[in-house]
Amino acid sequence: MADKQSTKPPSGTRDFLPGDVRRREYVIDVVRRVYERYGFEPLETPAFENIDTLLGKYGEEGNKLIFKILKRGEHEGTGEADLALRYDLTVPLARVVAQYQNELPKFFKRYQIQPVWRADRPARGRFREFYQCDIDSMGSTSPIVDVEILSAVSEVLVTLGFDDFTIRLNHRQLLAALLESVGVSAAGQSDTLVALDKLDKTGPDAVIKDLESRGFDHEKASRCVNMFASDAIRTTTRLPSPSVFAAANMSQLSRLHQDVPEASSILDEVQAILDMSADTQAAGHVLLSRSLARGLSYYTGAIMEVGVEGIGSLGGGGRYDNLIGMFLGRDVPACGFSLGLERIIVVMTERNMFKDALSLGSADVLVTMWPDADDAIRRDALALASELRAVDLRVDVYPEPDKLGKQLRYASDRDVQFAVIVGGDERAKKAVTIKDLVASSQETVARESAPQFIRERVDAGQRTKNPEP
RNA sequence: GUGGGCGUAGCUCAGCGGUAGAGCGCCGGACUGUGGCUCCGGAAGUCGCGGGUUCGAACCCCGUCGCCCACCCCA
């Protein structure tokens, strides 16, 4: 044996054991079906991109967090990189849209569920390799697009069993107008937003201090904070009622009209999104929040972020009307949203939201192998397994001549409900004994009727576990 | 990157200067054609790694690596 190596996966990555994969696939399946219902089409892109495709799209912080791939050969020693792992699914999409502009429909809508990589420091619910579930709509500036995306995301969360999520909504141009109104010029705005984004978490005093450390005098910092501190509802409020949100949104809108009257056309757009959302699955979940900033630099219009109590955010998105232009040379308007698969799973696991059916065993039936089995018996067991599989049962065959008790314990430990026992007595009678490990009962039935016998009992069990609504 | 905590059996952890422990899990037996419950027995650790102090270090000191929490940022 070689020296013991660490067997942990690299920090920020995980192995997914069978139970994990089943839960992930369940969530992905819900996401995919909802997105399909909204007319989005699937897309996949490579794990890595040319590095120039990614650089300069995410802002300064984003650039630093890109996983770079060193050049091979003579450049290996220099640390130079020409490829990089994808950082999100939006920039690769923009590249694809520019590349295949003539083959894609005018209003291209795609979903994409793939891993992305960030050279970040891992934390609770934050990984260096994680899955995003993205939807994006290209080609239209209409707020209908934004609203459909909000609705689709809401429908995913509702279908998964969430009822207390809040989607905060804001607008980049509105943020710019608000900052302008307190004397922050375009150059200092992104820095200021980073500080203001924390209003919800750290409170106004901490943000004022932060701004002062970024070179603001106290008076200007206070003005900034006051301008942004007027979100009516803390987003951490659990189970906010739709009427509370509606009232809060109305009062927020009227205050915004007072604070930045020059931004009235933007406010109209925001209002249109809010109004139309009321008739979709997003109804009662959207909260206009003037302090929402979001880190990615490519957003140009509406921005949104969805969260629930107990975790940073489940996903976010917004409108980016200039990003495709960086590849294409002419702008194509676009709006998208990204749900974080593992964030959703972290919360669902904590809240016990996965159905029992997901924890069902690895197989329905274990065919036991007699300890003194001769060749004929082994072949008979395999033939029986085939017959059971023919009725779509999941069948495992015990491979070694262990004592029967050990074989049954193996089935029991792995949550396999049925064991088929074919011994000398049964063979003589052309019969099998079928033991139900859950009900602790057993019955000897004719060999030829065994598949149907088990099939019926498995079906009955599933009806109990998953009653039709 | 900053601050705090933790690394001891497969897992969760106790021990905090005097020969390495418990619970759970694992293996075997009681139970030669029947899992779970019970009982009996067993295997298992260079106490993260390196150095120092000491008659003696899992324990104290220094360094180092790894993990966790908070900040930061985000999905």
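These numbers come from a predicted model, not from an experiment. Numbers restart at 1 for each chain; the letters A, B, ... are given by sequence-line order, proteins then strands.
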Would you measure the distance from the C1' atom in B/rG17 across to the matching atom in B/rC74 and give it in whole Å? 47 Å
Is A/Arg409 near enough to B/rC27 that one of its side-chain N or O atoms lies under 4.0 angstrom from OP1 or OP2? yes
CD1/A/Ile113 to CG/A/Leu341 distance, rounded to the nearest 0.5 angstrom? 8.5 Å
Using atom P in both nucleotides, what's the gap between B/rC39 and B/rG25 to the nearest angstrom? 12 Å
Heavy atoms of other groups near A/Arg389 CZ, more than 12 under 6.0 Å: yes
Looking only at atom P, what distance separates B/rC60 and B/rC67, rounded to whole Å? 24 Å
Using Watson-Crick or G-U wobble geometry with both distances under 3.5 Å, which nucleotide pairs with B/rU2? B/rA70
Considering just the side-chain nitrogens and oxygens of A/Arg118, establish if one lies under 4.0 Å of OP1 or OP2 belonging to B/rC73. no
If I pick the P atom on B/rC6 and the same atom on B/rC13, what distance separates them, to the nearest angstrom? 13 Å
A/Glu342 with A/Arg14: basic N within carboxylate O range, under 4.0 Å: yes
Taking B/rG33 as the reference, what is the distance to B/rG41 when you measure between their C1' atoms (whole Å, please)? 25 Å
Taking the same atom, C1', in B/rC16 and in B/rC47, what whole-Å distance lies between them? 12 Å
Base-pairing mate for B/rG41 - Watson-Crick or G-U, with both contacts under 3.5 Å: B/rC27
When the P atoms of B/rC59 and B/rA9 are considered, how many whole Å apart are they? 15 Å
